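In what follows, a structure is listed as structure tokens, so that the remarks can point back to it.
Everything numeric in this text was worked out from a predicted model, so none of it was measured. Chain letters run A, B, ... following the sequence lines, proteins first and then strands; every chain starts at 1.
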Amino acid sequence: MAKTDITEKIVSLAKRRGFVFQSSEIYGGLNGCWDYGPLGVEMLNNIKQSWWKEMTYRENVEGIDASILMHPRVWEASGHVDNFTDPMVDCKECKARFRYDILLEGLSEKAAKKMKEDLKKELNLDDDKIKSFIEDPDNSEKVLSTVNCPNCGRNGTFTKARSFNLMFKTYIGPVEDSSNIVFLRPETAQGIYVNFLNVKEAGRQKLPFGIAQIGKAFRNEINTKNFLFRTREFEQMEMQFFINPKDDGQWFEYWKEQRINWFVKHGIKKEKLNIHVHDKLAHYAKAAVDIEYEFPFGWGEIEGIHNRTDFDLKRHTEYSGKKLEYFDDQTKERFIPYVIETSAGASRSFMAFLINAYDEEQVAKENSDGSKSTEVRTVLHIHPSFAPVKAAVFPLVNRDGMQDIAHNITEDLRNHFRVFYDDSGAVGRRYRRQDECGTPYCITVDSETLTNDSVTVRERDSMEQVRVHKDKLTEYLSQLIIRN
RNA sequence: GCGGGAGUAACUCAGUUGGUAGAGUCACAGCCUUCCAAGCUGUUGGUCGCGGGUUCGAGUCCCGUCUCCCGCUCCA
């Protein structure tokens with residue numbers, strides 16, 4: 001299957017079956033924004049719930065839900081005000097766009113030296129001043145006036161650097177002036193760091209312990225693309241684990257294993273997972289790996305595990321004046337904890353699980369004239385615990401009271417699972433409809449049910465059936481679904 | 001932001017030199033049907049992405065704009 005094919009098919013199926021719709025579609029859509037439909041929100045909630053249980057049903061991890069709007073100083077402390085701004089320059093001739101600082105780094109040694117010497121002569125500055133002059137994006141026009149465009153090779157064709165800050169800005173209260181500016185959080189992590197002391201006290205936690213949170217974050221990306229992968233509004237599932245700095249290597253490895261296992265346990269194919277080790281680290285990190293999934297468009301990060309050191313707590317101590325420290329009663333040590341961060345994209349995970357589940361199977365078919373052929377079965381092999389609907393209930397035919405029995409079974413199961421009743425069309429068609437929705441089990445009431453109260457349970461992936469007594473269905477399905 | 005492709009029914013698409021908007025699938029109702037998209041009948045559903053313009057007349061030609069896909073660029 002061609003790569004673009006499969007993305008298009010999944011986007012189309014996602015819409016048709018109610019997983020994902022484009023935001024504001026009737027108005028022509030809003031770039032890079034998507035809505036979860038009835039099945040999508042169910043599946044997304046299942047993913048989040050599984051993560052939440054996995055992370056917080058432990059002795060040493062607490063959950064919180066911090067506010068999206070935070071004090072503006074938070075983002076100064078975190079480095080987002082300074083580092084989340086990218087100065088960009090365009091080549092006027094070939095229209096290629098570059099980040100100013102990366103463009104400078106990419107210059108050959110010879111070219112860099114020449115540029116420096118020329119500027120030094122012209123502006124009559126010493127070495128230190130020249131360096132800061134060059135680094136200041138405001139001087140980009142002057143600095144780049146003799147530089148060749150890496151794309152088209154032309155000389156001195158760059159525009160002035162323009163700043164792109166990736167944080168969404170808004171105002172608190174009715175007056176729109178600079179003293180009222182707040183940002184939509186570009187990551188959920190800071191809401192955890194600033195609550196470190198609160199949670200430690202309230203939860204009576206000792207190191208090592210973690211704080212988990214699921215929530216939306218916003219980045220005003222220059223470009224959105226690849227369906228749910230790069231969007232301006234997205235949801236994160238983050239856990240920040242606070243430790244003694246001397247144990248950082250051990251905990252980093254521990255959480256890396258834990259998080260990879262979670263994806264594998266829920267059906268992500270191992271050959272579609274890759275661990276990408278960062279060689280170039282962000283300003284806050286000592287070690288970083290990405291868990292990547294092989295999407296149809298290529299490898300993409302679905303979770304990052306970072307050793308953020310004491311960077312964030314130290315910075316918040318500095319900016320707020322509150323000591324975000326830990327005192328160990330046993331060893332009488334006082335220190336700023338290190339943080340091992342596990343940061344998963346909920347939306348990206350959803351997309352990975354959806355794509356991972358998609359399959360077009362060739363199945364044997366007997367035609368009405370008795371000849372054999374094959375046909376395509378489109379099926380979502382979603383892990384049962386993530387499947388939006390756990391079971392569908394059908395009367396085999398609409399007579400002899402089978403509908404009533406099927407309705408009663410549906411109502412019984414509904415006390416425990418999300419179930420769906422369907423009596424429209426041939427039973428084979430109903431099975432296939434549920435396959436496309438990823439429903440793992442289909443229960444059919446047939447003539448045998450009328451005599452001995454047993455029904456068939458058909459499993460989605462194998463298409464095999466077993467007979468189960470209708471009063472045992474809840475127990476039977478529970479075992480299959482909750483065994484994660 | 002640049003280059004290329006696309007946008008017509010819920011989905012996939014057709015629509016001739018400009019002349020009353022189509023098919024298949026899906027959905028719904030009924031018939032038939034005792035286990036994997038069978039068949040028959042009927043029905044719903046579209047100001048052709050949106051906004052202008054040219055024209056007696058625009059899905060079709062022109063301009064603008066939005067969105068999606070691919071490739072660059074970008075992704076602390």
Side-chain angles (χ1 to χ4, degrees), chain A residues 2-5 7-9 11-18 21-34 37 75 78-86 88-99 101-103 150-152 159 162 164-167 186-187 219-227 229-232 280-285 288 296-297 300-301 361 363-369 375-379 394-400 402 424-436 442-450 455-456 458 460 463-465:
Chain A
K3 285 178 175 186
T4 50
D5 254 22
T7 305
E8 276 167 26
K9 279 177 175 173
V11 172
S12 155
L13 182 145
K15 181 178 180 191
R16 187 158 36 88
R17 291 299 184 188
F21 309 124
Q22 198 181 2
S23 165
S24 319
E25 193 189 59
I26 62 170
Y27 287 100
L30 183 63
N31 180 287
C33 293
W34 302 88
W75 307 112
S78 71
H80 284 84
V81 171
D82 289 338
N83 294 317
F84 231 49
T85 304
D86 293 334
M88 308 290 290
V89 294
D90 296 327
C91 171
K92 288 174 201 160
E93 291 298 326
C94 69
K95 310 290 184 194
R97 169 172 288 178
F98 305 92
R99 230 174 78 186
D101 52 334
I102 288 183
L103 183 66
N151 188 48
C152 67
T159 60
R162 287 180 295 167
F164 288 80
N165 191 293
L166 296 181
M167 284 198 289
E187 64 174 24
R219 292 181 193 180
N220 207 350
E221 301 284 358
I222 295 167
N223 272 335
T224 60
K225 66 171 183 178
N226 293 328
F227 194 34
F229 187 79
R230 180 162 298 277
T231 56
R232 297 196 170 97
K280 198 180 161 196
L281 295 169
H283 60 276
Y284 54 73
F297 60 80
E301 177 191 355
E361 288 180 355
V363 293
K365 176 190 182 174
E366 192 165 337
N367 298 318
S368 48
D369 61 6
E375 62 178 0
V376 173
R377 179 174 84 117
T378 302
V379 52
F394 313 143
L396 185 58
V397 285
N398 296 325
R399 61 169 189 241
D400 303 334
M402 290 184 197
S424 146
V427 73
R429 178 189 297 271
R430 286 178 255 162
Y431 284 139
R432 295 303 165 82
R433 279 199 281 249
Q434 294 307 314
D435 289 342
E436 266 199 0
C442 290
I443 293 152
T444 303
V445 172
D446 60 13
S447 54
E448 202 179 324
T449 313
L450 305 176
V455 295
T456 64
R458 176 261 201 190
R460 176 194 63 203
M463 296 196 281
E464 279 167 10
Q465 294 178 316

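Regarding A:Arg432, its CZ atom lies at a distance of 9 Å from the P atom of B:C36, rounded to whole Å. With rounding to whole Å, A:Leu396 atom CG is found 6 Å from B:C35 atom P. Between the CG atom of A:Leu13 and the P atom of B:A37 there is a distance of 18 Å, rounded to whole Å. Counting to the nearest Å, the P atom of B:C68 and the CG atom of A:Asn223 are 11 Å from each other. Separating the CD1 atom of A:Ile26 from the P atom of B:G51 is a distance of 13 Å, rounded to the nearest angstrom. Protein atom CZ of A:Arg219 is 13 Å distant from nucleotide atom C1' of B:C74, rounded to whole Å. In this structure, A:Asp400 places its CG atom 12 Å from P of B:U33, rounding to the nearest Å.
Using a 4.0 Å heavy-atom distance criterion, A:Arg430 is classed as making no nucleic acid contact. A:Asn220 comes within 4.0 angstrom of no nucleic acid atom, judged by non-hydrogen atoms across all strands. As judged by a 4.0 angstrom heavy-atom cut-off over every strand, A:Arg458 is placed among the base-contacting residues. Counting any heavy atom pair closer than 4.0 Å across all strands shown, A:Glu25 reaches no nucleic acid atom. The residue A:Gly37 sits apart from the nucleic acid: no heavy atom pair falls under 4.0 Å. Contacts of A:Arg399 with the nucleic acid, taken as non-hydrogen atoms under 4.0 Å apart, include base atoms. At the heavy-atom level, A:Tyr27 lies nowhere under 4.0 Å from the strands shown. A:Asn226 comes within 4.0 angstrom of the backbone, heavy atoms only, and of no base.
Side-chain contact check for A:Thr231 versus A:Trp34: some heavy-atom pair is nearer than 4.5 Å. Counting heavy atoms from C-beta outward, A:Gln22 and A:Lys15 have side chains that stay 4.5 Å or more apart. By the 4.5 Å heavy-atom criterion applied to side chains, A:Cys442 and A:Gln465 are not counted as neighbours. Side-chain contact between A:Glu464 and A:Arg458 is absent, with no heavy atoms from C-beta onward closer than 4.5 Å.
Rounded to a whole angstrom, the distance from the P atom of B:U60 to that of B:G53 is 14 Å. Taking atom C1' on both B:A29 and B:U44, the two are 10 Å apart, rounded to the nearest angstrom. Comparing the same atom, C1', in B:U12 and in B:U8 gives a spacing of 12 Å after rounding to whole Å. Between the C1' atoms of B:G4 and B:C61, the separation comes to 22 Å (whole Å). Of the C1' atoms belonging to B:G57 and B:A10, the separation is 32 Å, rounded to the nearest Å. Between B:A9 and B:G22, the two C1' atoms lie 10 Å apart (nearest whole Å). Rounded to a whole angstrom, the distance from the C1' atom of B:A6 to that of B:U43 is 32 Å. Comparing B:C48 with B:A58, their C1' atoms are spaced 11 Å from each other, to the whole Å.
Nearest nucleotide to the side chain of A:Glu436, out of B:U34, B:A37, B:C68: B:A37. Closest approach to the A:Arg429 side chain among B:A27, B:U34, B:C36 is made by B:A27 (side chain taken as heavy atoms from C-beta onward). Nearest nucleotide to the A:Met402 side chain, out of B:A10, B:A37, B:U34: B:U34. You'll find that the side chain of A:Trp34 is closest to B:C68, out of B:C36, B:C68, B:C35. For A:Lys225, the side-chain atoms get nearest to B:U73 when compared with the rest of B:U73, B:C36, B:U33. Checking B:U67, B:A38, B:C36 against every side-chain atom of A:Tyr431, the shortest atom distance belongs to B:C36. In this structure, the nucleotide among B:C69, B:U12, B:A38 sitting nearest to the side chain of A:Ser12 is B:U12. The nucleotide whose nearest atom lies closest to any side-chain atom of A:Val397 is, among B:C69, B:U33, B:C35, B:U33. Closest contact between the side chain of A:Arg16 and the listed nucleotides B:C68, B:C35, B:C11 involves B:C11. Comparing atom distances between the A:Gln22 side chain and each of B:U34, B:U67, B:C26 picks out B:U67 as nearest.
Regarding contacts with the backbone of B:A10, every side-chain N or O of A:Lys15 stays at 4.0 angstrom or more from both OP1 and OP2. Look at A:Ser424 and you'll find a side-chain N or O under 4.0 angstrom from OP1 or OP2 of B:C28. Phosphate proximity of B:C68 to A:Asn31: present, with a side-chain N or O under 4.0 Å from OP1 or OP2.
Side chain of A:Asp446 to backbone of A:Glu448: a donor-acceptor contact under 3.5 angstrom is found. The main-chain N or O of A:Glu221 is found under 3.5 Å from a side-chain atom of A:Arg232 such that the two form a donor-acceptor pair. Under a 3.5 Å cut-off, the side chain of A:Arg219 and the backbone N or O of A:Leu166 do not form any donor-acceptor pair. Judged purely by atom type and a 3.5 angstrom limit, A:Arg430 uses its side chain to pair as donor or acceptor with the backbone of A:Pro395.
Taking OG1 of A:Thr444 as the reference point, atom CE of A:Met402 lies at 10.5 Å (rounded to 0.5 Å).
Taking the nucleotide of RNA chain B with the nearest heavy atom to each of A:Gly425 and A:Thr378, the more 5' of the two is matched to A:Gly425.
The base of B:C35 sits within donor-acceptor range of the side chain of A:Asp446, with an N or O pair under 3.5 Å. Between the side chain of A:Gln465 and the base of B:C35, a donor-acceptor pair under 3.5 Å is found.
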Between the protein and nucleotides 30-32 of chain B, are there any N/O to N/O pairs under 3.5 Å, and if so, what are the atom names and distances?
none

ring-ring contact (aromatic ring centres under 6.0 Å, His included) between A:Phe227 and A:Phe297, intermediate numbers included: CA-CA 10 Å; A:Phe227 194 34; A:Phe297 60 80; over 10 Å; no
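Contact check on A:Asp435 versus A:Arg460 returns no salt bridge, with no Lys/Arg side-chain nitrogen under 4.0 Å from an Asp/Glu carboxylate oxygen.
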Intra- and inter-strand pairs of RNA chain B in dot-bracket (Watson-Crick or G-U wobble, both distances under 3.5 Å; | for another strand): (((((((..((((.....[..)))).(((((.......))))).....(((((..]....))))))))))))....
